[in-house]
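Residue numbers start from 1 in every chain, and the chains themselves are labelled A, B, ... in the order their sequence lines are given, proteins ahead of strands.
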Amino acid sequence: MTKTRVEVNYHSPVKEIVGKGADVITLEGEATVFDLVGLLSEKYGNRFRAQVVEEQTCGNFQPKLDPKSCKLRGGLVVFVNSRHADLTTCIQNEDKVVFMAVICGG
Amino acid sequence: MPGYAGKILRVDLTKGEVQKELLPVSWRKMFIGGEGINDKLLWEHFKRVGFDSDPLGPDNVLIGGSGPLSGTGSGLGSKMKWTFKSPAYNMFGDSASGGSFHVYLKWAGYDHIVVTGKAKKPVYIWINDDQVEIRDASQLWGRSTYETDDLIKEELGEDIATVTIGRAGENLVRFANIINTRHRAAGRTGGGCVMGSKNLKAIAVRGTKGVEINDPENFMKKVKEIDFKMSKTAWYDAFARYGTLVVSDFYDLVGCNSQYNVQRVVTTPDLAKALDANKFGRDLKVHDVACSAGCMTGCSNWWRIKGDETPMAKRFAGEKGDKPEYVTQASFAVMCDIHDMAAVAYLQNHTNRLGIDIMECGSTTSFMMELWDRGLIDEDDVKEWFGEPIDFGWGSFDAVEKVIAAMVNQDTDFGKWASRGIWYTANKIAEVKGIPATKYAVVGKGGSPMVEDVRATPLWATLFAVSSRGCDHLKGITAIDKTGNTELSRQLFGDPGAGECYNKKLKGRAAAYFEDYTTAMANSTGICCFQVAYTALGAIVPDDVAELIYYVSGLKFTAEELLQAGERAQNIEHAFNRLLGFTRKDDTLCERWMKEPLKEGPGKGMKCEDYLKECLDEYYQTRGWDVKTALPTREKLEELSLGDVADVLEAQGKLATTGRQAERVDKKGGSG
């Protein structure tokens with residue numbers, strides 16, 4: 001099976017949970033942002049998962065993320081190679097993925 | 001009526017008279033409060049004294065106003081609005097700030113204050129609930145804003161709030177700020193200059209009456225619901241922690257930073273490292289601060305420089321203060337390439353003490369740096385214009401300090417030019433030096449724009465071009481495009497276009513919507529535009545605002561009526577500018593943005609002249625104005641119950657000769 005190796009950058013408020021600004025992550029086979037979030041949730045735990053996605057679990061916490069019942073958390077954006085992405089966006093080998101909150105102006 | 005103090009306070013500094021009048025109930029429904037009622041008061045004032053009155057003369061007016069949510073303890077009424085004719089742009093001028101002044105003003109019994117005339121000598125206004133006095137301020141003149149706040153509090157007690165001006169306002173720097181509650185600046189358009197022109201050093205207020213709430217139980221229930229929804233967003237987590245200091249990271253991705261006088265839109269790695277918000281948190285931040293007591297977001301930061309955090313920290317050891325914001329970072333660190341957050345934090349305090357606009361200071365300095373870098377000006381020029389040698393190389397802190405000092409003191413050629421703004425400065429340099437200096441001035445309507453690049457973001461380019469108060473982000477702020485929020489665009493416009501960042505789809509229509517909603521309507525209620533603009537995620541929608549206003553005041557609005565109140569304010573502001581001769585030709589952007597393609601970032605190759613015309617066409621069509629001239633139409637103004645505004649425009653030949661008016665002209669046998 002092919003491997004997808006991506007550079008992941010974290011900015012506030014995700015960076016504070018991960019404890020660092022960047023990672024190199026390897027996924028098995030073809031992958032999406034959803035797959036990456038699932039893997040990072042296993043690596044960094046429920047705080048990461050809760051920071052990045054909103055889940056409609058009807059009170060039943062699922063051990064694994066379910067693509068049908070989750071979406072990116074409000075105010076959080078994901079970029080893949082500097083382009084806006086969502087959970088369904090495909091990621092390829094050597095892509096650069098960024099997680100961050102949105103604030104403009106100031 | 002609950003939710004409002006119910007009175008307008010008028011102070012005539014020429015006559016030394018104080019008057020109080022009732023706030024018309026009909027205005028509350030038409031304009032809500034804050035920006036909207038300020039605009040109505042401005043219109044009525046200039047209708048009386050003449051729209052072409054000198055903004056530095058006694059006929060200018062300074063209007064301050066709060067909205068129905070202000071002073072309610074809800075955490076959603078943190079902003080007040082100042083409105084006047086701008087001496088920086090010679091057009092409509094307004095400026096919002098946080099702080100506590102408006103809360104005390106409302107608790108003293110006034111929703112709005114209207115200051116006219118000019119005092120013979122420096123004065124300050126003291127509002128102590130029902131007692132209002134004009135007091136001598138000779139001993140305060142020449143003092144910094146912080147010293148002025150201290151001295152007034154020594155005299156009157158700590159349980160007051162002040163707005164003050166510093167030496168920039170006293171010396172009539174056209175873009176001088178009003179400083180609210182010591183650290184909160186009402187900037188950009190020269191409200192501090194208007195105060196200075198009136199010899200008005202400060203206004204102090206004590207308010208003890210509070211404000212009546214129509215339905216306290218449901219009001220607080222709704223407030224808690226909004227707080228809960230807001231606190232669930234990632235926006236809240238980042239914003240409450242560092243405020244706008246996280247913007248530059250995001251802008252690097254979107255490609256709209258402004259390094260080296262807006263020549264690079266993705267910051268260099270060493271600068272990005274110096275600007276890291278987490279680093280600011282570790283090195284300088286002491287604790288969170290809310291700019292206005294009780295704000296449910298509390299996005300500001302209290303900081304202190306220990307002395308060893310950065311290369312320049314030792315010089316500023318012991319300095320402490322509130323903020324800095326992204327615009328402080330962008331103006332000095334990004335535009336001028338100063339890689340030192342301690343220096344940036346110090347400059348936040350320095351400009352607040354002087355009461356001067358940060359963006360104009362940063363833009364003028366970085367403009368000079370680019371001329372220096374290109375070899376268009378040299379040591380001899382600088383010595384002649386400043387009276388001393390200055391290094392204008394990128395990253396020169398000395399250059400920033402000397403430019404600011406020159407602007408405020410105006411004792412050199414450069415100071416006299418720069419105190420009138422970047423465009424005036426560029427033209428003077430072009431004239432005396434015979435170089436194409438204006439080409440490198442990043443300007444809008446004669447002043448510095450918000451310090452970010454808009455070429456990759458057609459929605460922001462449109463908003464900057466049409467802004468009624470100059471050229472910046474606070475007349476229609478939104479993140480719909482930069483976040484790629486196509487879902488919200490579908491909800492609002494039935495099409496994903498406005499959420500697609502790097503194209504012109506729906507950008508004119510979206511610009512009009514966000515002008516009405518996230519600034520005009522928000523600033524009429526008292527809600528901070530940051531809470532409205534970035535929680536376009538379901539946390540605060542117009543229906544929520546309608547409920548809040550009902551619970552606080554008993555006034556029933558539909559979401560559509562609220563947006564229409566915002567539209568009304570926008571139409572008055574633009575009508576004001578049309579009377580001063582501003583038309584579609586003025587709704588443009590500087591040469592760099594119009595003609596130079598971006599060299600990097602996701603918008604690589606984009607330039608504004610490729611899309612701005614079509615965005616503007618769509619914007620004027622959405623507004624219901626004449627597309628060719630941007631003049632308002634009678635139909636639109638009457639639809640907004642602003643027939644009186646149409647009458648004034650028509651009498652001055654500034655109403656579009658289209659639609660019904662054109663028919664009328666035809667019936668009279670005119671050419672139309």
Side-chain angles (χ1 to χ4, degrees), chain A residues 6-23 33 37 40-41 44 46-57 69-91 95-106, chain B residues 229-230 232-256 266 276-278 281 299 325-330 450-452 457 460 472-474 477-479 481-486 499-502 529-530 533-535 537-539 601-602:
Chain A
V6 294
E7 181 187 331
V8 186
N9 280 267
Y10 311 105
H11 295 282
S12 190
V14 184
K15 186 177 181 180
E16 288 82 352
I17 289 168
V18 174
K20 57 185 171 182
D23 256 339
V33 170
V37 170
L40 291 171
S41 297
Y44 293 112
N46 288 339
R47 279 188 70 211
F48 176 91
R49 179 169 159 174
Q51 185 61 265
V52 174
V53 293
E54 287 174 31
E55 297 174 75
Q56 290 183 329
T57 57
S69 62
C70 76
K71 61 177 185 176
L72 277 176
R73 192 171 171 226
L76 193 105
V77 281
V78 180
F79 285 80
V80 175
N81 301 329
S82 301
R83 290 284 172 181
H84 297 100
D86 58 30
L87 290 174
T88 64
T89 304
C90 293
I91 45 178
D95 276 355
K96 188 173 173 181
V97 183
V98 180
F99 293 92
M100 69 191 320
V102 174
I103 296 165
C104 307
Chain B
K229 282 195 285 183
M230 203 186 291
K232 280 183 70 178
T233 65
W235 165 86
Y236 180 90
D237 288 346
F239 198 51
R241 186 175 286 130
Y242 295 123
T244 54
L245 290 181
V246 296
V247 169
S248 63
D249 285 340
F250 180 51
Y251 278 12
D252 273 346
L253 283 163
V254 180
C256 55
V266 180
D276 178 27
N278 293 90
C299 67
E325 301 278 4
Y326 166 73
V327 294
T328 329
Q329 253 187 359
M450 158 71 173
V451 280
E452 70 168 87
T457 52
W460 281 57
D472 63 50
H473 60 305
L474 288 175
I477 195 164
T478 175
D481 56 338
K482 288 174 178 169
T483 56
N485 198 340
T486 51
E500 296 167 7
C501 190
Y502 308 105
C529 66
F530 278 116
Y534 303 120
T535 50
L537 314 154

- Taking only residues two or more places apart in sequence, or in another chain, which ones meet Thr486(B) in a side-chain contact (heavy atoms from CB on, under 4.5 Å)? Arg490(B), Pro496(B), Glu500(B)
- Item | Portion of Ala479(B) that has a non-hydrogen atom of chain A nearer than 4.5 angstrom | both
- Ranking Val246(B), Asn278(B), Asp472(B), Ile477(B) by heavy-atom pairs under 4.5 Å to chain A gives rank one to Asn278(B)
- Kindly give the heavy-atom pair with the smallest separation between His84(A) and Cys501(B), and that separation in Å. CE1-CB, 3.7 Å
- Task: Determine, step by step, whether Trp235(B) and Leu76(A) satisfy the side-chain contact (heavy atoms from CB on, under 4.5 Å) criterion, reporting the C-alpha distance in whole Å, the side-chain angles of both residues, the deciding distance to 0.1 Å, and the verdict.
- Result: CA-CA 7 Å; Trp235(B) 165 86; Leu76(A) 193 105; over 6 Å; no
- Are side-chain heavy atoms of Cys104(A) and His473(B) found at a separation under 4.5 Å? no
- Kindly determine whether Lys482(B) and Val102(A) satisfy side-chain contact (heavy atoms from CB on, under 4.5 Å), including the steps that lead there. CA-CA 8 Å; Lys482(B) 288 174 178 169; Val102(A) 174; 6.0 Å; no
- Query: Are there residues of residues 9-17 of chain A that reach to under 4.5 Å of chain B by heavy atoms, and which ones?
  - Reply: His11(A), Ser12(A), Pro13(A), Lys15(A), Glu16(A)
- Greatest number of non-hydrogen atom pairs under 4.5 angstrom with chain A, of Trp460(B), Tyr326(B), Phe250(B), Tyr502(B), falls to Phe250(B)
- Task: Calculate, to the nearest 0.5 Å, the distance between atoms CD1 and OH belonging to Ile103(A) and Tyr251(B) respectively.
- Result: 10.0 Å
- Ala234(B) and Ala101(A): which non-hydrogen atoms are nearest, and at how many Å? O-CB, 3.7 Å
- Note on the structure: One should read off an interatomic distance between Leu253(B) CG and Lys96(A) NZ, to the nearest 0.5 angstrom, of 7.5 Å
- Query: Contact part of Val77(A) toward chain B, heavy-atom cut-off under 4.5 Å: side chain, backbone, both or neither?
  - Reply: side chain
